[in-house]
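Data block below; observations after.
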Amino acid sequence: MSNDANDSSDAESLVEEHEQRINDLVADVDDPAELGADEDDGFSMQLAGLELDRRDFMKAGAATGLASAAGAFAGCQTALPDGKTPSDSGGGGDGGSQGASASHGHFVPPGEKDEYYGFWSGGHSGEIRVIGIPSMRELQRIPVFNTEPARGYGFDDQSSEMLEQAGDYTWGDNHHPNLSETDGDYDGEYLYVNDKANGRIARVNLKYFETDAIVDVPNVQCIHGTTVLSPDTKYVLGNGEFRAPLPNDGRDVNNPEEYTALFSAVDPESMETAWQVKVDGNLDIVDTGKEGRWAISSCYNSEEATEIQGMTRDDRDYAKVFDIPAIEQAVENGNYEEVNGVPVVDGTRESDLNSGDEPLVRYISTPKSPHCVEVGPDGKYAFIAGKLSPTVTMLDLDKIGEVDDPADAVAGRPKVGLGPLHTTFDGNGHAYTSLFIDSQVAKWDIEEAANAELGSSDPVIEKQDVHYNPGHIQALEAMTTDPDGEWLISLNKLSKDRFLPVGPIHPDNDQLIHIGDGEKEMEIVADHPAYPEPHDCVFAHRDKINPATTWDKADYEGEKPFVTAENSGVERTGENSVHVKASSKRSEYGMYDFTVQEGDEVRLTVTNVEGVRDIIHGVAIPEHDVNLAVAPQDTREVTFTADDPGVYWIYCTYFCSALHLEMRSRMIVEPSE
Ligand code: K7E
Ligand code: CUA
């Protein structure tokens, strides 16, 4: 087990080593073969009186010196009409009237509402965050793969059973939130999100902003890229990124060439895995065409290596284009092997199913360790960002099914800058690509790129510095057929010196950028610190999302009782079990006390009988790890054991009225003898 990266111990040489590795790997699209170890990538920024490689920002360890350089940098873009730097004009994002840019306010006054919902993945926090656009105010958090006391999630029986059945992991790493679609537009029903860490896909019910299903996808360790199949959410599609033996039961552990990556389709209603496709290489990000036929995935490890040197060896990898109806046909014809209850279709290049006119998977050579795939609003092109190549490859989706050699479907390949990761759209013919290494967003003209020579940087219109190292960028409703333009968010991985220091683990920095209709220059108007680590976000106009403000008890009728003050009480259900039912309202529970016996298993059912929005009652029982949050008209249940005799005060955890502190009850646990 050797690892070169550990050979140098001092910080400075580690930085140099990393820089050297990146320099060696970052390809020049014009002639990838010639990009040798010693060559300068030729990229530098001219500043007044100072020439600085943008990547110097990756190196600087201390904030001192960096701060002033960053200020100069921000200013050098002169994107602002009055010559102010973005931080002068409200980069602090403090939400006050000073916080709005002179030209493009994002400030939403008290009492007014945002125009858009933003749904942020929470990365390894495991949650979804709901953020209003353009204010950037955080509106809500939706726990998905984590537990969350404020919402009783992972505490009540229903959610803890769901988490248990989905593998009983204590966390997840969610990257890609996707809104359900009908006719290619958001229908406001569901949000689907992946768990990269444990190979799961979850569904959030947008009526209640609550996770209602999680599937632990068989045969894969990790689900990375995730998308819904446009235009009608026929499937939720997930990319298995890590190659592993199939099944991973101890076979082939020392034969990495036998490992495989799987592309999975999950039924959005039943949340069961419908089928999987085995492929060569790995799978990173995925998006679909707009008409329901094609799904396009990137692959960064066509080398099928197990260490970084091998994974980055070749200058070409692939995009893989999945023909969904052809895969369904193969499943229907029985052309699969069933593994752990799921039909697995062979989509490797050698597969018979890939030999005819209608291959299941088309492999298209793409430079180099590509990352994102995003399909543009008109569905014409898929945009595949080169990551280690400074280019974005455009695939013509109309041609894919027609050309003999899928490489002939490549419609353009503009050179946009270093470290391109993700692309988004304003609906007016512009693409915006994040440049991780350059810490910039590049705006470019899509049709010009289709007409230009491969590798030309002519289509690039403008570059905006961001702070620092962007991953995903998203413009309003950019993933629909009708993007709204106006605002773009750059989800920057590093914040460095942008905020008050808070210790060595820094927040990310989500920057709000005004793009308008794409005809003017981009302008940064707010910095928004984000708890690590959001990867992606998705926006919907507020007219498309219609959450309930209280519960509709018909939605759980037959599953849970609706407990009123009258039917509150204790019912003995067995020698060592009781069912305790209690209503709740301002400012009392249905019982001032109840008695159980030492050792009883207690099933506690609590209904909030109020119909008034925003009046939540909590149920905390000290020393029993009991914590419920019950919204108006909702009922929650929890089961626990009353192990130790004594008196336990039950209290309400939501400050619901002036008599909130008095809203209490006693659980009396009588000794068994
Ligand atoms: Cu680019 Cu997981 Cu979408 Cu992170 S992925 S950035
Ligand atoms: Cu109910 Cu506080």
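It should be emphasised that the depicted structure is a prediction, and the values quoted were computed from it without experimental measurement. In each ligand, atom 1 is the first atom listed, and ligand 1 is the first ligand listed.
- Look at C652 and atom 2 (Cu) of ligand 2: an N/O/S atom of the residue is under 2.8 Å from the metal.
- Put simply, the side chain of S121 gets close to the backbone of H535: a donor and an acceptor are under 3.5 Å apart.
- Around atom OH of Y208, more than 12 heavy atoms belonging to other residues, nucleotides or ligands sit under 6.0 Å away.
- A side chain to side chain contact (heavy atoms under 4.5 Å, CB included) with I296 holds for exactly one of T227, L397, D287; it is L397.
- For H617, the N/O/S atom at the shortest distance from atom 1 (Cu) of ligand 2 is named ND1.
- When D510, L491, N492, D508 are each tested for a side chain to side chain contact (heavy atoms under 4.5 Å, CB included) with H528, only one passes: D510.
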* Please report the C-alpha distance between S297 and N239 in whole Å, then the side-chain angles of each, then the deciding distance to 0.1 Å, and finally whether the side chain to side chain donor-acceptor pair (under 3.5 Å) criterion is met. => CA-CA 8 Å; S297 291; N239 277 349; 3.1 Å; yes
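- The atoms of ligand 1 that sit less than 4.0 Å from any heavy atom of H535 are 2 (Cu), 4 (Cu), 5 (S), 6 (S).
- Distances below 4.0 Å separate heavy atoms of H224 from the following atoms of ligand 1: 2 (Cu), 5 (S).
- Per-residue contacts place H371 under 4.0 angstrom from the following atoms of ligand 1 (heavy atoms of the residue considered): 1 (Cu), 5 (S).
- Taking backbone and side-chain atoms together, H660 has no N/O/S atom less than 2.8 Å away from atom 1 (Cu) of ligand 2.
- The aromatic rings of Y556 and F562 lie parallel to each other, with less than 30° between the two planes, well short of the 60° mark.
- Seen from atom 2 (Cu) of ligand 2, atom SG of C656 and atom O of Y654 lie 110° apart in angle, a value rounded to 10°.
- Ring geometry for H430 against Y432 counts as perpendicular: the plane angle is over 60°, on a 0 to 90° scale with 30° as the lower cut.
- Among the atoms of T653, no N, O or S atom is found under 2.8 Å from atom 2 (Cu) of ligand 2.
- Distances from ligand 1 to the non-hydrogen atoms of E533 include no value under 4.0 Å.
- Judged by the shortest distance from any of its heavy atoms, I285 lies inside the 4.0 Å radius around the atoms of ligand 1.
- Here is the list of ligand 1 atoms found below 4.0 Å of a heavy atom in K493: 4 (Cu), 6 (S).
- Looking at H176 against ligand 1, only its side chain comes within 4.0 Å, counting heavy atoms.
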